[in-house]
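Indexing begins at 1, ligand by ligand and atom by atom, following the structure's order. Sequential numbering from 1 along the given sequence is applied to the chain's residues.
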Amino acid sequence: MTDTEYHRLLGMSRDAFADLESHLVERTDDGRTYCHVPDYRRGVERGTSLIDGTVVRGFPKVPRTLVLSEGVPERFADQPGDRIAVEEKLNGYNVRVVRLDGERLAFSRSGMICPFTTRILERLVDLEALFEQYPEAMVCGEMIGPENPYTAHDYPDVDSIAFRAFDWRDRESGEPLPVETRRERYDTFDVPQTRLFGQFEVDAAAAEIRRIIEELDAEDREGVIMKSPDGTAQLKYTTSAANQGDLAYAFSLPFDYGQPFMFRRLIREGFQSIEWDESDAVARERAHELGEAILLSMRETIDTVDAGEPVGERHTVRASHETVDILLEHLEGQGLTIEIEDDRREDGDRVCTFLKVTRSTIDKTRNYLDGHIVKE
Ligand code: ATP
Ligand code: MG
């Protein structure tokens, strides 16, 4: 297929496409060559892939509000009288599944084919009937659970890894189905979905969401995504448990996470504390928890490096021998240093625990421990 046809599929002018082309990254997967847009670009969602003459649209960026009572009406202002759907925001990693040439492929947020997710999905959910009926569908969802190679988080009903659908879009245009239609269709095909808390009038939503967030927070769950009935407008809001969990994680690898990552989460806590009109005592408790999230995880890392042990992102995966091999190769192909810590067989599967070694945190921490003098 010529570039001219890609520009048409993307709905871009030839010039705009020429500009985009220099930002495309070429990859191969299983002998197939394709291009993707790993960063945000004008006119095209991050994570869009050009593959086998078709376009697989990236999943749109979901904006956030820091203050529910003002942000919700602001975001959904053009939906007066409408009810917005409030769904659970699951803490895992984003996946988009499409069928190309009869083959189901799973794409990561940045538009890379993930060979691990592609394979593991086959045993988690049966999408055959869905793609038979809707070959152009892009099944969007979150991979969750403790045994996953990117964002592991515990959910009581997930032992290893699971898929939960939260969106259904046209693969080429990225247009979503309305929330209700989407939920009905996934039900028909027996595809597990994220929870729907309800549909609320825009003006009443903030109060309802606050109540939902308090429940989610107590269960260490991440938050909610609000959606307009037609599925086009989205807005996210997260629990303090999620903000603090992220902070603890980031401060355990302080020189590998960008400082804006930490700063944003601290700011969210400030605004939540004010919006919820916390008493002195409650605010102090939050402050205490925040301090623990930051300091205790950092101490553990410094201790570990001091003992000469490596630090990094530790993950466990459970899959066939071959799938684990392919995953490790895929991760190393992206320039990551992987150290295998445990590798065994269990019930016919390979269970592998590995560390994505974070060099900057190890080196900087070592330097500081050795008395490196900082000019600051
Ligand atoms: P981005 O905002 O660009 O998507 P991010 O890493 O900042 O990237 P998050 O803060 O996790 O993303 O919020 C958006 C992501 O939330 C989505 O990309 C999706 O993977 C995830 N998500 C989980 N549950 C839902 C849901 N019910 N509806 C929509 N997205 C959901
Ligand atoms: Mg996420």
Side-chain angles (χ1 to χ4, degrees), residues 36-41 44-48 56-66 71 75-76 84-97 106-112 114 117 121 138-145 148-155 158 161-169 174 176-180 182-183 186 191-199 205 209 212-213 216 219-247 249-250 257-258 260-265 267-268 313:
H36 70 126
V37 191
D39 300 309
Y40 289 103
R41 292 286 155 216
V44 142
E45 281 80 11
R46 166 177 183 245
T48 298
V56 177
R57 283 279 170 178
F59 191 77
K61 172 104 194 130
V62 180
R64 170 189 300 275
T65 182
L66 275 73
R75 174 74 176 146
F76 298 102
I84 52 171
V86 179
E87 293 187 328
E88 178 166 5
K89 180 180 199 301
L90 294 165
N91 189 3
Y93 65 96
N94 183 295
V95 64
R96 285 166 293 128
V97 193
F107 288 80
S108 73
R109 191 76 181 79
S110 72
M112 254 186 275
C114 174
T117 313
L121 262 173
M138 179 162 80
V139 171
C140 310
E142 197 86 347
M143 301 293 297
I144 57 167
N148 101 43
Y150 305 109
T151 308
H153 186 81
D154 279 324
Y155 282 96
V158 184
I161 186 167
F163 171 79
R164 298 285 182 267
F166 55 62
D167 211 335
W168 174 318
R169 290 177 182 253
L177 285 181
V179 175
E180 243 170 75
R182 182 236 303 164
R183 297 200 67 97
Y186 278 131
V191 175
Q193 311 189 50
T194 187
R195 226 183 327 170
L196 172 71
F197 290 108
Q199 280 156 301
I209 292 164
I212 295 165
I213 286 287
L216 292 174
E219 291 169 17
D220 194 24
R221 299 174 86 105
E222 191 182 18
V224 299
I225 308 248
M226 295 145 256
K227 301 180 183 182
S228 58
D230 65 3
T232 56
Q234 309 188 75
L235 185 68
K236 63 189 177 195
Y237 188 82
T238 48
T239 60
S240 176
N243 301 336
Q244 293 183 7
D246 283 357
L247 279 167
Y249 200 72
Y257 272 82
F261 183 94
M262 285 90 150
F263 182 73
R264 285 192 200 113
R265 282 158 181 80
I267 295 297
R268 287 174 205 164
E313 307 196 34

Among all protein heavy atoms, pick the one closest to atom 25 (C) of ligand 1 and tell me residue, atom and distance.
Phe166 CD2, 3.4 Å
Geometric N/O contact Glu222 with ligand 1, under 3.5 angstrom:
no
Honestly, for Tyr93 the part within reach of ligand 1 (heavy atoms, under 4.0 Å) is neither
Could you walk me through whether Tyr150 and Ser108 pass side-chain hydrogen bond (donor to acceptor under 3.5 Å, both in side chains), step by step?
CA-CA 10 Å; Tyr150 305 109; Ser108 73; over 6 Å; no
min-distance protein heavy atom vs atom 27 (N) of ligand 1 -> Glu88 O, 2.9 Å
Measure from atom 28 (N) of ligand 1 to every heavy atom in Lys227, Arg264, Gln234 and give the option owning the shortest one.
Lys227
Checking heavy atoms under 4.0 Å, the part of Thr194 that sits near ligand 1 is side chain
Which of the ligand 1 atoms, numbered from 1, are nearer than 4.0 Å to a heavy atom of Glu87
27 (N)
Walk me through it: do Met262 and Leu247 pass the test side chain to side chain contact (heavy atoms under 4.5 Å, CB included)?
CA-CA 6 Å; Met262 285 90 150; Leu247 279 167; 4.1 Å; yes
Which atoms of ligand 1 are found less than 4.0 Å from any heavy atom of Glu142?
19 (C), 20 (O), 21 (C), 22 (N), 23 (C)
Would you say atom 4 (O) of ligand 1 has a protein heavy atom nearer than 4.0 Å?
yes
Please evaluate residues Arg64 and Thr238 with respect to the criterion side-chain hydrogen bond (donor to acceptor under 3.5 Å, both in side chains), reporting the C-alpha separation (whole Å), side-chain torsions for both, the decisive distance (0.1 Å), and the verdict.
CA-CA 9 Å; Arg64 170 189 300 275; Thr238 48; 2.8 Å; yes
Identify the closest protein heavy atom to atom 7 (O) of ligand 1: which residue and atom is it, and at what distance?
Lys236 NZ, 3.5 Å
Side-chain donor/acceptor of Tyr186 to backbone N/O of Phe166, under 3.5 Å:
no
Pro60 and Gln234: which non-hydrogen atoms are nearest, and at how many Å?
CG-NE2, 3.9 Å
Would you call Arg183-Glu87 a salt bridge at under 4.0 Å N-O?
yes
May I ask you to identify, for Lys89, whether its side chain, its backbone, both or neither come under 4.0 Å of ligand 1 on a heavy-atom basis?
both
Which residue from Ile144, Leu196, Leu90 reaches closest to atom 23 (C) of ligand 1 through any of its heavy atoms?
Leu90
Find out whether the Lys NZ or Arg CZ of Arg169 is both under 6.0 angstrom from the six-membered ring centre of Phe59 and within 45° of the ring's axis.
yes
Atom pair CG (Leu177) and CZ (Arg182), whose distance is rounded to the nearest 0.5 Å:
8.0 Å
Which segment of Arg46 sits under 4.0 Å of ligand 1 when only heavy atoms are counted:
neither
Any side-chain to backbone donor/acceptor pair from His153 onto Leu90? Under 3.5 Å, distance only.
no
Heavy-atom nearest neighbour in the protein, as seen from atom 17 (C) of ligand 1, with distance rounded to 0.1 Å:
Asn94 ND2, 3.7 Å
